[in-house]
2 protein chains.
Amino acid sequence: MSKASVYDVAREAGVSISTVSRSFTSPEKVSAKTRAKVMKAAEAMNFTVTHTAASLKTGRTFRAALLVGNERLDWFGSLVREGLDSILHPAGYDTSIYPIGDSEEQEHFFAELPIRRNVDLVFVSSFDITSKETSRLSSINVPIIGINVESNHDLDGSVKIDDAKGIQLAVNHLLTLGHRNIAYMHISPKSSLHFSSLNRLQGFLEACRQWPEPVKTELIKLQPGQDVFSSFISQLQSMESRPTALCCQDDSVAIPLLFKLNRFRLTVPGNLSLVGFDDSTYADKIGLTTIRQDPFDLGAKAGSLALEFLKKTPPKNPYITLDTQIMIRNTTAPIEDTRPLDKWACNS
Amino acid sequence: MSKASVYDVAREAGVSISTVSRSFTSPEKVSAKTRAKVMKAAEAMNFTVTHTAASLKTGRTFRAALLVGNERLDWFGSLVREGLDSILHPAGYDTSIYPIGDSEEQEHFFAELPIRRNVDLVFVSSFDITSKETSRLSSINVPIIGINVESNHDLDGSVKIDDAKGIQLAVNHLLTLGHRNIAYMHISPKSSLHFSSLNRLQGFLEACRQWPEPVKTELIKLQPGQDVFSSFISQLQSMESRPTALCCQDDSVAIPLLFKLNRFRLTVPGNLSLVGFDDSTYADKIGLTTIRQDPFDLGAKAGSLALEFLKKTPPKNPYITLDTQIMIRNTTAPIEDTRPLDKWACNS
DNA sequence: ATGAAAGCGCTAACAG
DNA sequence: CTGTTAGCGCTTTCAT
């Protein structure tokens, strides 16, 4: 039976209910002997503290909400979640996901704010939340931590990476290898106007511009759902000069492309140096040079940050930017090793 | 302020707290006019029902626990979670993950059963739980649903796929294409003795055996972390005859292998037909023939099942097996199109 | 249809 | 160190 309450345990152990309660919540306030008695009785009766009842008294729910966009939780989202949980769960917090998807759903959520008084902590992960919404969110009076969101406005804390700096790592690697004609492939921003895509694109352009020698850049747009390889080959035709290197917005475009290139005998890095972004699934096994970010760590850092707020010792700097790192593997090579791209692009 | 309670709303609306409560929990028991008043006041004061307080009275926590192994939540796990949430969240349930990892953690969890009286629903997803544990779990007296677990013992319901049947689909496809020498590549079971790997392996063997003509089979073992391609090539050397087709335990071994094969100019399906399992990330974009399962659906079905139990209308058949499907793409071809494997395998 | 009142199971003063 | 007591915010009979 799962019906034992503090009263039952108290009776069984021959103590008062407060002693039972204390044995669980602040063991140091109970003599070892008494506690032992209590614990024994509790065990025998399969007693467990009911969180919901405790919440009522303490005002803490030990719940956290993770707000995400309604896209399928991808590589990034799942890892963020895990990182968060890795910190929060041991601290006694349960995290649930609140998908804030289409704008109707979103409107409803922010109007009702169903999490008000039901969570102690709110995390907002990389979705396009307006500042009006954040400010409304802040009315629930619990710490709000952003994970990979653009602005820190009305956020108690945030953890993010510097996308522009990341792509700069990629560009500089290519420039150092001697490449002077570099393309950037990205998903058409009209459909997914996530700021981090924008930052990567701008970071790419900026990094090329800053190089002392002239660097030629080409932009390749991808419609969502469109075949990466076909788009690449098609848009190559209309370029006046062919790039020797290609930066991709993220691994999820680089990997299928790399795959098709291999399949159609276009060698990488022989014909083209290729860089991804994320260091996500398969990047390592496949040998893709890419920019590494660690979503698990983003989540974990966000969790720790949040816990600090709860301790009433507000962290000195609650706005964290994590470093990215370039993982140099087998898809980039010096320009000397690269045959001119136009040798093959036209008749493929 | 987030402090409005039923009392505040009652005062504001000029009604009793019971009326406020009823307006939210059973609106039909309140006259439309009164309800309107209540709702207006509630809105004005940003009132939201506090779940924890409600739980205390109703005995329902509106929480669910998803027990998983401690491996990183992968493609499968994340999708199961999402599917579960897609049903449970709209029904008012919050799901949190309880990683039951190393055996110490596991022991502690099952000894303490910290979720007792704290969740209304328990899901157990694909990890190796012993029947003793399941039975202990069932002592908490809430519906327990298995997702992709082997035995239904002590489980109120379960949702799974038939792994053996799935791999059979793959084998029969290859046999129909004329292949009579088929290899199976799997991760060494000593490290991950998940039953579904075992079922796939056995299903493979069984399917080959059942074919009216003699079929030669080869088993290729993979140590976790070991390079797939190197293992493949190495073990090929010691085979007396070379397979023309290869079934992989799952896409996560097929994809890197396919990639390396392409890179090293070993054509698929020209030299070898290749089949994966899962239809996971990139399988589609890359054109991998594979067996499709839908973890999202597994989760969703599990969620619906659980909800039925809560309605006190136990579903007639709570043990569901979902179908798998073969996705025929570009990595399999008739035997006539396949050059003998030994033409290239030895000098690569 | 509405209100009064009694807890749900726990924690946290406050006493002793 | 331990016990008594008063709620936390809600739901739910039971009256009216």
Side-chain angles (χ1 to χ4, degrees), chain A residues 1-39 41-42 45-63 92 114-120 140-141, chain B residues 1-39 41-42 45-63 92 114-120 140-141:
Chain A
M1 284 292 77
S2 58
K3 305 203 67 103
S5 75
V6 276
Y7 286 94
D8 302 306
V9 177
R11 193 182 336 102
E12 186 76 10
V15 297
S16 77
I17 57 163
S18 355
T19 303
V20 175
S21 173
R22 271 192 287 259
S23 301
F24 283 91
T25 53
S26 26
E28 74 282 2
K29 292 186 175 171
V30 175
S31 78
K33 211 165 64 181
T34 318
R35 195 173 63 239
K37 261 198 312 196
V38 171
M39 290 317 199
M45 313 178 79
N46 274 328
F47 169 80
T48 317
V49 173
T50 301
H51 286 316
T52 55
S55 295
L56 198 48
K57 193 68 204 173
T58 60
R60 307 179 69 183
T61 62
F62 283 100
R63 296 199 194 204
I115 56 175
R116 177 190 298 281
R117 299 206 298 164
N118 288 309
V119 300
D120 299 338
I140 74 179
N141 272 335
Chain B
M1 283 293 75
S2 58
K3 306 205 64 109
S5 76
V6 275
Y7 287 93
D8 302 307
V9 177
R11 196 183 330 107
E12 186 75 9
V15 297
S16 75
I17 57 162
S18 347
T19 305
V20 175
S21 174
R22 272 192 285 258
S23 301
F24 283 91
T25 53
S26 26
E28 73 283 1
K29 292 187 175 170
V30 176
S31 79
K33 213 165 65 181
T34 318
R35 195 173 64 239
K37 260 198 314 198
V38 171
M39 289 317 199
M45 310 177 81
N46 275 326
F47 169 81
T48 317
V49 173
T50 301
H51 287 316
T52 55
S55 296
L56 198 47
K57 196 68 208 175
T58 61
R60 306 179 69 184
T61 62
F62 282 101
R63 297 198 193 205
I115 56 176
R116 177 191 298 279
R117 298 206 299 163
N118 287 309
V119 300
D120 299 337
I140 74 178
N141 271 334

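Every chain is numbered from 1, with letters handed out A, B, ... down the list of sequences. Both backbone and side-chain heavy atoms feed into the values below; hydrogens, waters and symmetry mates do not. Source: prediction; values computed, not measured.
Within the nucleic acid shown, B:Phe24 has no heavy atom closer than 4.0 Å to any nucleic acid atom. Residue B:Val15 is classed as a sugar-phosphate contact, given heavy-atom separations below 4.0 Å to backbone atoms only. Contacts of B:Thr52 with the nucleic acid, taken as non-hydrogen atoms under 4.0 Å apart, are absent. Base engagement by A:Ser21 is indicated by at least one non-hydrogen atom pair under 4.0 Å involving a base atom.
In summary, contact between chain B and DNA chain C, defined as any nucleotide atom under 4.0 Å from a heavy atom of the protein, begins and ends at C:dA1 to C:dC10 in the 5' to 3' direction. In 5' to 3' order, the nucleotides of DNA chain D bounding all contacts with chain A (an atom under 4.0 Å from a heavy atom) are D:dC1 to D:dC10.
At a threshold of 4.5 Å between non-hydrogen side-chain atoms, the residues A:Thr19 and A:Thr34 count as touching. Using a 4.5 Å heavy-atom cutoff, the side chains of B:Met45 and B:Val9 are in contact. A:Ser23 places none of its side-chain heavy atoms less than 4.5 Å from the side chain of A:Val20. Annotation: side chain of A:Arg116 is not in contact with side chain of B:Phe47 (no heavy-atom distance under 4.5 Å).
Under the 3.5 Å distance criterion, the side-chain polar atoms of A:Asn118 are matched with a main-chain donor or acceptor of B:Val49. Here the side chain of B:Ser21 pairs no donor or acceptor atom with the backbone of B:Ile17 at under 3.5 angstrom. Remark: side-chain polar atoms of B:Arg60 are not paired, donor with acceptor, to backbone N or O of B:Asp120 under 3.5 angstrom.
A:Arg117 contributes atom CZ, which lies 8.5 Å from atom OG1 of B:Thr52 (distance to the nearest 0.5 angstrom). The distance from atom CG of A:Leu56 to atom OG1 of A:Thr50, rounded to the nearest 0.5 Å, is 11.5 Å. B:Arg63 contributes atom CZ, which lies 4.0 Å from atom CZ of A:Arg63 (distance to the nearest 0.5 angstrom). To the nearest 0.5 Å, atoms CZ (B:Arg22) and OG (B:Ser31) are separated by 11.0 Å.
When the nearest nucleotides of DNA chain C are assigned to B:Thr34 and B:Thr58 by heavy-atom distance, the more 5′-ward of the two goes with B:Thr34. With the nearest nucleotide of DNA chain C identified for both B:Val30 and A:Ala53, B:Val30 has the one nearer the 5' end. The nearest heavy atom of DNA chain D to A:Ile17 and to B:Ser18 marks one nucleotide each, and the one closer to the 5' end goes with A:Ile17.
Comparing the helix axis at one end of the helix from C:dA1-D:dT16 to C:dG16-D:dC1 with that at the other, each defined from 5 consecutive pairs, gives an inter-axis angle of 30° (nearest 10°).
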